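Worksheet: one structure, shown below.
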Amino acid sequence: MVSEVIKESKKIVIKIGSNTLSNEDGTINHEFLKELCHQVSQLTQEGKQVAIVTSGARIAGIGQINRWSRREDMNYKQALCAIGQVELMSAYGRHFHDYGLHVGQLLLTREDFFDKTRTLNIRNTLFTLVDEGVIPIINENDTVSVEEIKIGDNDTLAALSASLWNADLLILLSDIDGIYNKNPKEHRDAQLLEIVENIDDMINSIEIGETNSFGTGGITTKIEAARIVNRYGIPMILANGKKENIILNLLNNEYPATIFKDFQ
Ligand code: ADP
């Protein structure tokens, strides 16, 4: 099922979680980025169009300036994101360059998705970049997004972006193989759910546990992201970005994942 859905999809949004993008010590995992860019270039060679939603600006900022990692004040968090966003984009730019691809940056806020002119502008930019073979890289604009108006997690941002772009598929890469009946980090006997066709029934049947160090949304925002895109008939795959060549291996049926198709 997962493999078929990827094969059939032309427009794919891939979201990279902070846990996937960073090493244990909080630095950017360049090996992962290199491999991701290789996989995306393979997909584009097969005629697919890819947009990326990426987390990791704050982590990249800490890695860059080596200060303020424990500061909780909003202005310092925003300052770290401002510093890290540059580093993050230049890392994507460098790695994609090796595969002959250019990148374009889109920094968005919640308000942008609920304003007609803005959504039209976002759509125009996205379509133009992709039509010209450029990879759009989307993140939340942390400088203008104070807590009250924040989308707050990139799972939701990815779902809103996929819906706005009329994508065929949303793939969330995290550090787990998918949704389990209980938190796999706490329970060794947790069982993976491979297909979710009714999100409400699924929520009632699983235990939702804590997220870990760099994560923001946790599993709840991933489920809500599925709800947003499924409403538009877009399937969502949750898979483990820590596994080697995960997207290409999903295409070859090599790895397990969860696919959400709640189209009722
Ligand atoms: P990311 O940074 O990749 O977006 P998060 O850390 O925010 O991811 O959320 C994923 C985490 O949610 C997993 O690492 C896992 O420990 C936790 N989790 C809690 N309950 C569950 C569950 N029922 N199934 C899967 N993961 C769960």
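As the structure lists them, so they are numbered: ligands from 1, and atoms in each ligand from 1. Treat the numbers as computed from the prediction; the structure is a model and nothing was measured.
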Problem set entry | ligand 1 contacted by K222 (non-hydrogen, < 4.0 Å) | yes
Problem set entry | Donor-acceptor side-chain pairing of D131 and T128 below 3.5 angstrom | no
Seminar exercise, completed: So the atoms of ligand 1 within less than 4.0 Å of a heavy atom of P184 turn out to be 24 (N), 25 (C), 26 (N), 27 (C)
For this session: Kindly indicate whether the side chain of I83, heavy atoms from C-beta on, has any atom under 4.5 Å from the side chain of W68.
Result: yes
Exercise. Counting each atom of ligand 1 from 1 as listed, which ones have a heavy atom of S174 under 4.0 Å away?
Worked result: 1 (P), 3 (O), 8 (O), 10 (C)
For this session: State which residue, out of I237, L170, I234, D168, fulfils the side-chain contact (heavy atoms from CB on, under 4.5 Å) condition with S9.
Result: D168
Exercise. With atoms numbered from 1 as shown, which atoms in ligand 1 lie under 4.0 angstrom from a non-hydrogen atom of E207?
Worked result: 23 (N)
Seminar exercise, completed: Counting from 1 in the order shown, the ligand 1 atoms closer than 4.0 Å to a non-hydrogen atom of K15 are 4 (O)
Exercise. Does a salt bridge link D200 with R227, judged by any charged N lying under 4.0 Å from a carboxylate O?
Worked result: yes
Exercise. Going by heavy atoms, is G178 under 4.0 Å from ligand 1?
Worked result: yes
For this session: Could you check if a side-chain atom of I135 sits within less than 4.5 angstrom of a side-chain atom of T44, using non-hydrogen atoms only?
Result: yes
For this session: Please step through side chain to side chain contact (heavy atoms under 4.5 Å, CB included) for the pair I16 and Y92, ending with a clear verdict.
Result: CA-CA 12 Å; I16 320 296; Y92 273 104; 3.6 Å; yes
For this session: Check whether more than 12 heavy atoms from other residues, nucleotides or ligands sit under 6.0 Å from atom NE2 of H187, and answer yes or no.
Result: yes
Exercise. Do T20 and ligand 1 have an N or O pair less than 3.5 Å apart?
Worked result: no
Seminar exercise, completed: If we number the atoms of ligand 1 from 1 as shown, the ones under 4.0 Å from a heavy atom of I176 are 13 (C), 25 (C), 26 (N)
Exercise. For ligand 1, is there an N or O atom under 3.5 Å from any N or O atom of N181?
Worked result: no
Exercise. Considering only heavy atoms of Y180, which atoms of ligand 1 have at least one such atom less than 4.0 Å away?
Worked result: 22 (C), 23 (N), 24 (N), 25 (C)
Exercise. What atoms of ligand 1 come within less than 4.0 Å of a heavy atom belonging to S18?
Worked result: 2 (O)
Exercise. Is the shortest heavy-atom distance from the side chain of I28 to the side chain of L88 under 4.5 Å?
Worked result: yes
Exercise. Hey, looking at atom 7 (O) of ligand 1, which of G218, A225, A158 has the closest heavy atom?
Worked result: G218
Problem set entry | Per-atom contacts, ligand 1 versus D175 - under 4.0 Å to a heavy atom | 13 (C), 14 (O)
Exercise. Given side chains that start at C-beta, do those of C81 and T143 come closer than 4.5 Å, heavy atoms only?
Worked result: no
Exercise. Is the shortest N/O to N/O distance between D155 and ligand 1 below 3.5 Å?
Worked result: no
